[in-house]
J.: 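This is the structure, below, for whatever I ask next.
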2 protein chains.
Amino acid sequence: MSPKVSKEHKEQRRAELLEAAKTVFIERGYERATMKHIMEEANVSRGGLYQYFSSKEDVYEAILKEGLETAMEDTEEVLKKEELTHWALLMKRLFGEEQELDEMDPMAPSNLEFFITGRNDERRRKYGKERYFYGLSIYHDVIKKGQESGEFSSKFDSEMIARSIISFVDGLALDYAILDREDIKLKEQSIMFIEYLKMALEVKE
Amino acid sequence: MSPKVSKEHKEQRRAELLEAAKTVFIERGYERATMKHIMEEANVSRGGLYQYFSSKEDVYEAILKEGLETAMEDTEEVLKKEELTHWALLMKRLFGEEQELDEMDPMAPSNLEFFITGRNDERRRKYGKERYFYGLSIYHDVIKKGQESGEFSSKFDSEMIARSIISFVDGLALDYAILDREDIKLKEQSIMFIEYLKMALEVKE
DNA sequence: TTGAAAAAAGACACGGGTGTCGTTATAATG
DNA sequence: CATTATAACGACACCCGTGTCTTTTTTCAA
């Protein structure tokens, strides 16, 4: 009846495995990474790993889920500070609390890979769609509210602006994946895109 | 000494194989496609296929090369009609002669896949970089000339605008790959991006 | 300290994709 | 029509990743 190992320990182990898996995925990408690589990185046997995850896809989905959860928490966090303008809020959602325009989530390339290589798989496709529309709603929300409050111009459709943000973010992540750091100009491109947004929303600042 | 089959026939055969391969790649994507799939699609044996191509990567590079060549020819074509404004030229380069805003190269998803999954491979990385900078120069060129001629505003750096075009195109291709046709809104997003460009370049039209 | 139950280990068989190689069919040439 | 180069065939052996299954070890509770 009673479990032979504490729940805390199990969760701890699981977290360790996920951490190791992340390292592997960042290094090798989703497709080229194997369960064996993860076992080696985590210093665990085949059986040990399969105790927690039933496949590579299973591991990856756990990482994605975790990432989404922390992202949602961060969004909550930002929302609490209600003194912000909609524009500041939008910028925070785009580039995070620290506004690091030249940083990129190291998992971003693998994430793209995961969804693009699995685009013919119904399960993964559905999952990708969910994430897309969740991301869309995040941006759409604040833009719409900004327009309603009069802070933003309503010249353009809020949804299309929100969609353009996603495309921009995805495109940047893609180029980041393929090109060398110095070739991509993350910061300058982000600034350029911010200018587009300023013009479209007629933000003074 | 003398070849036992005409050169034309050989080239014809090769073209057929490439055509079949394209069909397969469009259907299954790069990673999930196998040489066997291509053999079946082309009604050719293993030996027959390997007569022309030494690996899947080899096949794909041939397709990419072909695509790039026709793209360059198209660009030449457009350049000949010198009566165009720089803006019209830019639009043609972005969306082709027909300005079909809701069309997407069916190979685009596989192309992204090819480069993103191979991002740790030196050869493929180098190849991707070449293509990026070639694409960049195409857009950069016309924007710079437009600015120099006074047709475009020089408020923003021509290179960054050109880069933003690539990111946009890549991001759109990515979303096209992952989402269903009806979820993506190709046309509306293209129009939105054109508006960004119009504002940045201060184009009346 | 001992026993039970679960976690971790690692050997194993399987499947699937790859590229090669000896053989056969075919097309050009004399 | 015969010859010969080579295109096309398809069997084969190889490799590698996967997930399972049996065995061993560890942990907790009595």
Side-chain angles (χ1 to χ4, degrees), chain A residues 1-21 23-25 27-63 110 113-114 117-118 120-121 123-124, chain B residues 1-21 23-25 27-63 110 113-114 117-118 120-121 123-124:
Chain A
M1 249 345 180
S2 54
K4 285 294 157 187
V5 81
S6 72
K7 201 174 176 186
E8 294 76 43
H9 181 267
K10 245 183 120 173
E11 279 173 3
Q12 161 87 12
R13 195 93 184 86
R14 197 184 131 97
E16 278 170 28
L17 292 176
L18 282 185
E19 209 45 51
T23 305
V24 170
F25 285 127
E27 226 166 60
R28 321 183 87 102
Y30 181 73
E31 286 292 324
R32 299 230 187 297
T34 69
M35 290 298 257
K36 208 167 168 208
H37 292 138
I38 299 175
M39 292 183 269
E40 279 159 11
E41 180 67 33
N43 279 318
V44 76
S45 70
R46 197 158 201 83
L49 179 55
Y50 274 87
Q51 186 77 15
Y52 291 85
F53 304 99
S54 64
S55 66
K56 189 171 74 166
E57 182 157 7
D58 192 25
V59 175
Y60 207 83
E61 285 186 11
I63 293 175
S110 302
E113 204 187 333
F114 180 78
T117 59
N120 287 329
D121 178 82
R123 175 185 171 75
R124 223 180 279 183
Chain B
M1 248 351 181
S2 53
K4 286 294 156 185
V5 81
S6 74
K7 199 174 176 183
E8 294 76 43
H9 181 268
K10 247 183 118 173
E11 280 172 3
Q12 161 88 13
R13 194 96 185 85
R14 194 184 133 98
E16 279 171 29
L17 292 176
L18 283 185
E19 210 46 51
T23 305
V24 170
F25 286 128
E27 227 166 57
R28 320 183 87 103
Y30 181 73
E31 286 291 324
R32 300 232 186 296
T34 69
M35 289 299 256
K36 209 169 170 204
H37 292 138
I38 299 175
M39 292 181 249
E40 280 159 12
E41 180 68 31
N43 279 320
V44 75
S45 69
R46 195 157 203 83
L49 178 55
Y50 274 86
Q51 186 79 16
Y52 291 85
F53 304 99
S54 63
S55 64
K56 187 170 74 164
E57 181 157 8
D58 192 24
V59 175
Y60 207 83
E61 284 185 14
I63 294 175
S110 302
E113 205 187 332
F114 180 78
T117 58
N120 288 329
D121 178 81
R123 176 184 171 75
R124 223 181 277 183

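Sequence lines set the chain letters: A, B, ... in the order given, protein chains first and strands last, and positions in each chain run from 1.
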J.: Test side chain to side chain contact (heavy atoms under 4.5 Å, CB included) on B:Val44 and B:Glu16; report intermediate values, then the result.
T.: CA-CA 10 Å; B:Val44 75; B:Glu16 279 171 29; over 6 Å; no
J.: Using 30° and 60° as the class limits, which term best fits the ring planes of B:Phe25 and B:Tyr60: parallel, tilted or perpendicular?
T.: perpendicular
J.: Search all heavy atoms of B:Leu17 against all heavy atoms of B:Tyr52 and return the closest pair with its distance.
T.: CD1-CD1, 3.5 Å
J.: Measure CD/A:Gln12 against C1'/C:dA7 and give the value in whole Å, please.
T.: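 My rounded result for the distance is 15 Å.
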J.: Rounded to the nearest angstrom, tell me the gap between atom CD in B:Glu57 and atom P in C:dT18.
T.: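 Those two atoms, CD and P, are 12 Å apart.
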J.: Return the OG to CD distance between B:Ser45 and B:Gln51, rounded to the nearest 0.5 Å.
T.: 9.0 Å
J.: Stepwise, does the salt bridge (Lys or Arg N to Asp or Glu O under 4.0 Å) test hold for A:Arg28 with A:Glu41?
T.: CA-CA 12 Å; A:Arg28 321 183 87 102; A:Glu41 180 67 33; over 6 Å; no
J.: B:Glu40 CD to D:dA8 C1': how many Å, rounded?
T.: 17 Å
J.: If only atom types and distance count, is the side chain of B:Lys56 paired as donor or acceptor with the main-chain N or O of B:Tyr30 below 3.5 Å?
T.: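 Pair found, side chain donor or acceptor close to backbone of B:Tyr30.
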J.: Do the side chain of B:Glu31 and the main chain of B:Glu113 share a donor and acceptor less than 3.5 angstrom apart?
T.: no
J.: Choosing from D:dG17, D:dA7, C:dT18, which nucleotide comes nearest the side chain of B:Met35?
T.: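 When the side chain of B:Met35 is considered, C:dT18 is the closest of D:dG17, D:dA7, C:dT18.
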J.: Considering only side-chain heavy atoms of B:His9, which listed nucleotide, C:dT18, D:dA8, D:dT18, is closest?
T.: D:dA8
J.: Can you tell me which nucleotide in D:dA8, D:dT18, C:dG17 comes closest to the side chain of B:Arg13?
T.: D:dA8
J.: When you check the phosphate oxygens OP1 and OP2 of D:dT18, does a side-chain N or O of A:Lys36 lie under 4.0 Å from one of them?
T.: no
J.: Which residues in residues 44-54 of chain A have a heavy atom closer than 4.0 Å to any atom of DNA chain C?
T.: A:Val44, A:Ser45, A:Arg46, A:Gly47, A:Gly48, A:Gln51, A:Tyr52
J.: Mind calculating the distance between CG (B:Leu17) and C1' (D:dA7) to the nearest angstrom?
T.: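 B:Leu17 atom CG is separated from D:dA7 atom C1' by 12 Å.
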J.: Take atom CE of A:Met39 and atom C1' of D:dG19, then tell me their distance rounded to the nearest Å.
T.: 10 Å
J.: Which whole-number value in Å describes the distance from A:Lys10 NZ to D:dC28 C1'?
T.: 14 Å
J.: Rounded to whole angstroms, how far apart are CD on A:Glu31 and P on D:dC16?
T.: 18 Å
J.: A:Asp58 has an atom CG; how far is it from atom C1' of D:dG17, in whole Å?
T.: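 Rounded to the whole Å, the gap is 17 Å.
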